[in-house]
Asks: 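There's a structure below that I have some questions on.
Naming convention: chains lettered A, B, ... in sequence-line order (proteins, then strands); numbering from 1 in each chain. What's counted below: heavy atoms across the whole structure, side chains too, no hydrogens, waters or symmetry copies.
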Amino acid sequence: MRVIKRYRIHMGTFAWILHRLSGLGLISYLLLHIWVISHLSGGERSFDGIMHSFGSPMFKLMEIGLVGVILFHLFNGLRVTLIDMGVMVEKQKTLFVIAVIIWLGTWFAFSAIMLSKMGLLPFTV
Amino acid sequence: MKYKETTRSGGALPWLFQRISGVYLAIVLFVHVVNLHILIDGEIGYAAIAERVATPLWKTINISFLIVALFHGLYGLWIVLEDYIHIGWLRVLIYGVIATIALVFAIFGTLTMITFQYGG
Amino acid sequence: MAMITFKINRYNPDDEKRGHFVQEYQIDVPKGYTLLDCLNDIKWKLDGTLTYRRSCRSGICGSCAMTINGVNNLACETQVLGLNCSTVTVEPLRGYPVVKDLAVSLDPIVRGLLAVKPYLMTKTPPPTDQERLQSPEEREKLDGLYECILCGSCTSSCPSFWADKEYIGPHALLKAYRFVADSRDECPGEHLEPIDDKHGLWRCHTIFNCVEACPKDLNPTKAIAELKKELIRGKLG
Amino acid sequence: MTLKDPEAIHDVEGVGIHSVHRHDVVIIGAGLAGMRAAVEASGEFDVAVISKVFPTRSHSGGAQGGIAASLANEEEDHWEWHMFDTIKGSDYLGDQDAIEILVKEAPTVVREFEHFGCPFSRTPEGRIAQRKFGGHTKDFGKGGPVLRACYAVDRTGHALLHTLYEICIRNEVRFYSEFQAMSLIVRDGVCRGVVAWDIVNGGMHVFHAKTVMFGTGGYGKVFKITSNAMANTGDGLSLVLKAGLPLEDMEFVQFHPTGLYLQGILVSEAVRGEGGYLINGKGERFMEKYAPSKMELAPRDLVSRSIQTEINEGRGINGEAYVHVDIRHLGEEKIMKQLPQIHELAWKFMHIDCIKEPIPIQPTGHYSMGGIPTNIDGEVLFDGKNTPVKGFYAAGECACVSVHGGNRLGTNSLLEASLFGRRCGKSIIRFLRENRDWPELPADSAKGALDEVEWLLNTDGTEKVGEIRDDLQVLMTNKCGIFRDRATLEELTGDLKKLEERYENIKIDDKSEKFNSDLLEASELGHMIEFCELIVAGALSREESRGAHSRTDFPKRDDEKWLKHTLAWKKGEEIRFDYKPVTITRFQPQERKY
């Protein structure tokens, strides 16, 4: 029989796993981003060309996802930094909940703005 | 009764810089995102971007952002990989690859920023 | 009374071929029975070959730490009916070499502990016929640090330790801070120096599994945060 | 292993050459006594500590309330007062020369612990804090309870034990963790080492030593309801008996008044020291009947008898076999600050919040006053004339100096273990400075132990170890507990013979060598039956009530006949007794009232 080697995932573990995954995602994006921006040197045609290929609504929606990942990494990172500074170490779960609330709140706000710019919302923000 | 005689790699200062850079990135990124996605109306195109990239202030911010983000991201990547990879030669190889990526992209990105002239 | 099935992860070092396997035992569990009571029942009545460590059965010696339903805890402090399930999975502490059944090697715990020079270090000799003075406020700083029973639950639950077997472990870091925080210790650097290492303090990624696992409700992550501050302060002069 | 001696290592039959170790000092047991001795001797000599559990798992760590010393940090106190209390507590059976050393050196020992780094609780002035404990009084018993027990919250034993382990690490003491001592090598009155079983890897090891010290602890596990750890099976006592040496005062067994109901887990005397009440089924503070002036802070033997009497006479809570200890009136703040572990234990094991509810308790087997006879320097004695065995020492619960006599006062055990452990260390140093030669190691040293293991692994009977042990524990609790009388003790003697016969017919399930706890439990059971016979025989022959030994058929203390220590040997089936006088220096025996 196979040996079960499981360990219950606590909130802190969950935060850590998400932080790592989002971090890995972001570093890939960063490298891509630098490459895209480098097209500025090639002049308007080159830049708009590359931007155009990312301009489909599909990519726009993915961009909203990207903002979500960035914001999670950002707020959880701030949580970790606060803990390292000794702030709310004993209340890390509360701190995580707070971080998640702020994350979802800001993400929602950004999404609304971006969607309205794309004209996907019936109203403008 | 000694633990392990290794050359101490420390890690204190990179650790600290990872925190500081994280906070710096949080601030700059916020400005960046607000700037690009809220203040710019309509399509993000060459003109809109180029206008922002051309000023010396934005150049400085962008270059520092580039380098700090590369450090933060790639050092983070290294920490993650270091956790799981314990084969000596593989570690050296990966470290080398990451360092090369960091160097290449830092130079590449910086050159883009410095050499760029709007309308030129 | 309730019939409970215990799925126990077993391993016999004399039977390497078979390796680890899961064996099921069923016993009637009366109210108030701890997991240790159940293991004893199984060992004494059903299967004498079942092996685990135990001693004080009152949660102070730290012998019987194991992974119970996927979480580390002391068997003697786990009320079986309080788990509210008809099947209880019992495994040896994760991350340590298994010696036999639920008994694991303590070497990683001891190695980490020895590394931090876990003893009070002073330069000035103690006063004769008198204790060193320590105010109640200074003493209070040791609360939550000195109570560690070295059961190994924390280090065994730490994903950093799972990945890096040379990681010193939260138990050792907690012990290091127990001395760094002691107003009587005059050589905090001696405890800090060994942990300023890639297998030391900096391997902690504030995952908090150790806090969840500690049967004594201690907070190694908090101690680690304090140690990080202490070390950074030292580096920056 | 250091080989300071040019002599070649001796061959021992049946044991591989790599399993023969040599150390100047070999200490069995890593509790307070053993490790304190190790700390003392390790400065100068090569010390090895053998323990069947990892050092910090030793049961000294289970002690909660405190360690006695007349530091007078909180109020006036004198060693003479402490001495009087200890002697009166012992029901005048304690040897007063030893007690004088105990109380005089106590402050030094406690302060040394502080210097080692023990996290004692503190007074506002920054000194070691002290609390009240049963039987410790002011002004030779005339005043009220005195603040004498130095404490680290309610984890004193834990704090002391871990501190000692830390200092042992500092002193580079060699630990052989998880080695079970199987036999003691004594030939011609000279101790030459021990034989021990490597629990983790299996295999017999011989430890050749110039000096051996026992700090093997007590045997609470012979009782069904006990505060003791499962490791407390009194192996050391049996080893000593098998080596042909006597045991002293084995009939004196302390029952702690407050063990958690049915579990026996210790509820520290600090609970009463801090002001807890004992309440019976009728809601009365019944101690006023038994000890009108000291109430709950009377010595343990008296309080245990009082509780048992209440229970026996139907005044337990709801008529059941328990009473309540109530600390609700102390308030949440004091409970959480001074007794956090009690709060935790009551919650985890009884699901009782002691801030809001009283804790159900019953007396629980706790401590053995008797043990291996030693003199004040920790040297083990051979006979009633105080002849020491060369190179053999003992301290702690396994030893009998005797400072506790018929009944031990709370907090004197941590003190005795560490203080006499320290004295053992010092006399070991003196001995080793004068005796540089290795005693000869007989080639057949390991034979007894090897035979025992082989028999245990191969015996093919029908009895289960667990069942026999269960029966032994129930019998000992019911028939040799707080109250004893001739009829039941005689019955018990017969019962033990039957158990012994059943033990001959056991079978163990686990036949492997590595980490075979089945094997070790079987061996431990053999040990327990062995010395239980001595406890019962001693209780049967001592026809008086003194301290913890309470004969319902002889309710009075009889100084005329019984102001003396029992020494007992076991030769085959036969038990031989001898007696030695009690040393009385300052305080003449008087009636004992609280």
Side-chain angles (χ1 to χ4, degrees), chain A residues 1-30 68-107, chain C residues 7-11 18-24 67-73 87 89-96 98 144 153 156-163 177 201-202 204-214 217-233:
Chain A
M1 214 184 279
R2 256 193 78 242
V3 179
I4 322 153
K5 277 284 178 212
R6 65 207 174 92
Y7 200 86
R8 191 184 294 168
I9 292 187
H10 300 291
M11 212 180 254
T13 332
F14 190 63
W16 169 70
I17 292 171
L18 284 185
H19 197 75
R20 289 206 147 183
L21 291 178
S22 60
L24 292 177
L26 289 177
I27 185 67
S28 322
Y29 172 74
L30 179 69
V69 175
I70 291 175
L71 289 175
F72 174 80
H73 198 84
L74 191 156
F75 288 116
N76 190 56
L78 288 178
R79 163 182 163 268
V80 170
T81 308
L82 283 179
I83 287 165
D84 284 331
M85 287 162 68
V87 181
M88 284 182 85
V89 189
E90 272 149 13
K91 298 225 161 61
Q92 57 103 358
K93 284 186 179 173
T94 322
L95 195 59
F96 182 63
V97 172
I98 293 173
V100 167
I101 291 171
I102 299 178
W103 165 52
L104 289 176
T106 43
W107 190 18
Chain C
K7 280 190 178 176
I8 301 180
N9 200 312
R10 306 202 54 188
Y11 167 75
R18 190 165 188 201
H20 294 260
F21 60 99
V22 177
Q23 192 161 352
E24 290 189 13
T67 308
I68 304 157
N69 280 351
V71 193
N72 290 352
N73 207 342
T87 310
T89 318
V90 188
E91 295 158 295
L93 286 180
R94 187 171 175 179
Y96 303 137
V98 178
S153 290
S156 152
S157 76
C158 175
S160 293
F161 179 72
W162 299 342
Y177 189 59
L201 191 62
W202 311 113
C204 168
H205 304 310
T206 46
I207 303 165
F208 284 99
N209 265 15
C210 53
V211 182
E212 299 284 347
C214 181
D217 296 330
L218 309 180
N219 195 330
T221 311
K222 187 179 173 196
I224 291 170
E226 297 297 328
L227 285 170
K228 282 174 177 165
K229 280 200 276 183
E230 225 24 88
L231 259 169
I232 293 295
R233 221 174 282 147

Asks: Between T221(C), V211(C), I224(C), N69(C), which shows the greatest number of heavy-atom pairs under 4.5 Å with chain A?
Replies: N69(C)
Asks: With a 4.5 angstrom heavy-atom cut-off, could you sort out which part of K228(C) is near chain A: side chain, backbone, both or neither?
Replies: side chain
Asks: For K91(A), does the NZ atom sit with more than 12 other heavy atoms under 6.0 Å from it, leaving out its own atoms?
Replies: no
Asks: What option among T67(C), T206(C), N209(C) has the most heavy-atom pairs under 4.5 Å with chain A?
Replies: N209(C)
Asks: To the nearest 0.5 Å, what is the distance between CG on D217(C) and CD on E90(A)?
Replies: 11.0 Å
Asks: For S160(C) and H205(C), which heavy atoms make the closest approach, and how far apart are they?
Replies: OG-CD2, 3.3 Å
Asks: What is the minimum heavy-atom distance between A213(C) and Y7(A), and which atoms define it?
Replies: CB-OH, 3.7 Å
Asks: With chain C, which of M85(A), H10(A), R8(A) has the greatest number of heavy-atom pairs at distances under 4.5 Å?
Replies: H10(A)
